[in-house]
Amino acid sequence: MYTVAIIAILITILLALARALSGPTVYDRIAAMNMVGTKTILLIAVYAFFTDRHDLLDIALVYTLINFIGVVAVLKLIEQGNLYTDGESPEDNQPEVNDK
Amino acid sequence: MIDNIVDITLLSFLVILALAIIRMRSLFAVVMLFSGFSFLSAGLFVVMDAADVAFTEAAVGAGISSVLMLATLALTYSSKNADKEEKPTTHKPWLPLSVVVITGALLIYGTYDLPSFGDPEAPSQLHVAPYYLENSMPETGVPNVVTAVLASYRGFDTLGEVTVIFTAGIAVLLLIGGRRRVKPNVKKNGGDREA
């Protein structure tokens with residue numbers, strides 16, 4: 001049963017990779033990479049039960065945190081162009097080119 | 001058997017991603033694919049029972065370094081053309097390609113002198129490894145031997161590494177995150193408040 005789940009997760013990773021490689025817009029790639037991260041977490045969790053090494057579940061939890069924070073940071077950069085302002089309008093926060 | 005299937009599938013995903021990273025011209029997409037590459041290789045490390053390497057790979061490769069690369073992209077491009085195409089290369093690839101192929105061939109030739117993988121008679125397995133394998137569980141209580149060595153036997157060494165990484169993080173924050181510019185409208189608001 002775990003074997004079938006592992007193979008299904010691997011196929012899902014392949015589908016997400018196809019979207020990340022072909023994806024026309026930035027957001028397609030971000031969503032696809034988030035998907036790859038989530039499926040890796042699932043793969044580790046299923047693999048922990050498959051091999052009966054339950055300490056791997058802690059690693060899966062840490063991966064979840066890293067994946068979430070990474071996607072939030074990426075989206076903040078796309079939206080604002082930087083990481084240090086907390087404004088909402090992107091045009092105020094464009095990095096200026098010709099300042100001194 | 002399923003171990004081999006997972007290993008081979010993840011490794012072939014890594015090959016696909018590496019080829020795509022080489023071929024792709026959009027720098028933002030390359031950074032996103034790098035993060036996926038790090039996550040897949042971290043999963044591969046977990047499957048190979050190297051939990052500490054997997055932690056490091058996920059935190060540094062998928063987390064910090066992709067954010068740092070994106071911050072660099074955001075500082076050098078405006079976010080409107082973040083998906084901008086890199087210019088096509090003009091130089092000939094043959095000299096670097098031949099250097100890489102020759103170096104790789106020499107390295108593969110060098111592996112013939114190494115003991116085979118997992119050989120218990122290899123020199124690296126004869127010094128301290130038997131002591132750790134026998135005594136790490138009663139002495140530290142950590143189930144993974146590599147984790148026991150890194151976090152307990154070499155605890156001060158790891159503390160020094162953490163100090164180095166913390167210092168490097170502060171330096172990077174000072175260099176990249178510290179470039180706050182006073183915006184014209186922010187100045188105007190401050191002036192209004194003073195008046």
Side-chain angles (χ1 to χ4, degrees), chain A residues 2-3 6-7 9-11 13-14 16-18 20-21 23-26 29-30 32-41 43-44 47-48 50-51 53 55-56 58-60 62-63 65-67 69-71 73-74 77-85 87 90 92-97 99, chain B residues 1-3 5-6 9-10 12-13 16-17 20 23-24 26 28-29 31-40 42-44 46-47 49 51 54-55 58-59 62-64 66-67 70-71 73-80 82-83 143-144 147 173 176-186:
Chain A
Y2 291 136
T3 313
I6 286 175
I7 291 173
I9 289 172
L10 286 176
I11 292 172
I13 292 179
L14 183 65
L17 274 187
L21 296 188
T25 70
V26 168
R29 298 187 203 278
I30 294 173
M33 278 307 124
N34 191 14
M35 182 92 173
V36 169
T38 315
K39 295 307 151 198
T40 311
I41 293 156
L43 179 69
I44 293 170
Y47 197 79
F50 176 72
T51 55
R53 298 202 311 251
D55 51 327
L56 291 185
D58 298 336
I59 299 176
V62 174
Y63 278 20
L65 293 174
I66 291 171
N67 196 21
I69 294 173
V71 168
V74 166
L77 274 172
I78 294 295
E79 179 73 19
Q80 302 181 355
N82 60 49
L83 276 175
Y84 47 82
T85 53
D92 290 345
N93 300 319
Q94 293 291 326
E96 285 135 58
V97 184
D99 62 335
Chain B
M1 193 212 43
I2 191 70
D3 298 22
I5 292 179
V6 172
T9 319
L10 285 181
S12 50
F13 287 170
I16 293 172
L17 268 179
R23 301 298 301 172
M24 202 156 274
S26 157
F28 180 84
V31 175
M32 292 318 292
L33 291 187
F34 266 136
S35 122
F37 188 93
S38 293
F39 248 105
L40 284 183
L44 190 64
V46 170
V47 174
D49 203 8
F55 261 133
I64 300 292
S66 58
V67 169
L70 276 179
L73 274 187
L75 280 178
T76 49
Y77 290 163
S78 70
S79 63
K80 272 184 189 131
D83 210 8
N144 192 317
T147 311
L173 275 184
I176 292 179
R179 288 183 60 189
R180 291 164 195 256
R181 301 190 190 90
V182 182
K183 302 288 183 302
N185 54 350
V186 177

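All of these numbers come straight from a predicted model, not from anything done at the bench. So that the names make sense, note that chain A is the first sequence line, chain B the second, and so on, each numbered from 1. The figures here come from the full heavy-atom set of this structure, side chains too, leaving out hydrogens, waters and symmetry mates.
- Taken to the nearest 0.5 Å, the CG atom of A/L10 stands 7.5 Å off from the CD1 atom of B/I2.
- Summarising the geometry of A/T40 relative to B/G43, their closest heavy-atom pair is CG2-CA, 3.9 Å, with the distance given to 0.1 Å.
- With a threshold of 4.5 angstrom between heavy atoms, B/I64 does not approach chain A through any atom at all.
- When each of B/A59, B/A42, B/S38, B/S66 is scored by its heavy-atom pairs under 4.5 Å with chain A, the top score falls to B/A42.
- For chain B, the nearby part of A/L17 is the side chain; its heavy atoms alone come within less than 4.5 Å.
- Heavy atoms of B/L70 lying under 4.5 Å from chain A belong to its backbone as well as its side chain.
- Here the shortest heavy-atom pairing between B/L33 and A/A20 reads CD2-CB, 4.1 Å.
- The distance from the CG atom of A/L21 to the CE atom of B/M32 is 12.5 Å, given to the nearest 0.5 Å.
- Residue A/I7 touches chain B through its side chain alone, counting heavy-atom pairs closer than 4.5 Å.
- Side chains of B/I5 and A/I6 form no contact here, defined as non-hydrogen atoms less than 4.5 Å apart.
- When heavy atoms are compared at a cutoff of 4.5 Å, A/I30 approaches chain B by way of both its backbone and its side chain.
- Neither the backbone nor the side chain of A/Y2 comes within contact range of chain B; no heavy atoms are under 4.5 Å apart.
- Heavy-atom pairs under 4.5 Å with chain B peak, among A/T51, A/V36, A/I66, A/L56, at A/I66.
- If you measure heavy-atom distances from B/V31 to chain A, you find no contacts under 4.5 Å at all.
- Atom CG of A/N67 is separated from atom OG of B/S35 by 7.5 Å, given to the nearest 0.5 angstrom.
- In this structure, CG on B/D3 lies 6.0 Å from CZ on A/F50, to the nearest 0.5 angstrom.
- The shortest heavy-atom contact between B/V46 and A/R53 is O-NH2, 3.5 Å.
- Here the straight-line distance linking atom CD1 of A/I13 with atom CZ of B/F39 works out to 11.0 Å at 0.5 Å rounding.
- Looking only at heavy-atom pairs under 4.5 Å with chain A, the residue among B/T9, B/V6, B/V47 that has the most is B/V47.
- The minimum heavy-atom distance linking B/A54 with A/Y63 is given by the pair O-OH, 3.1 Å.
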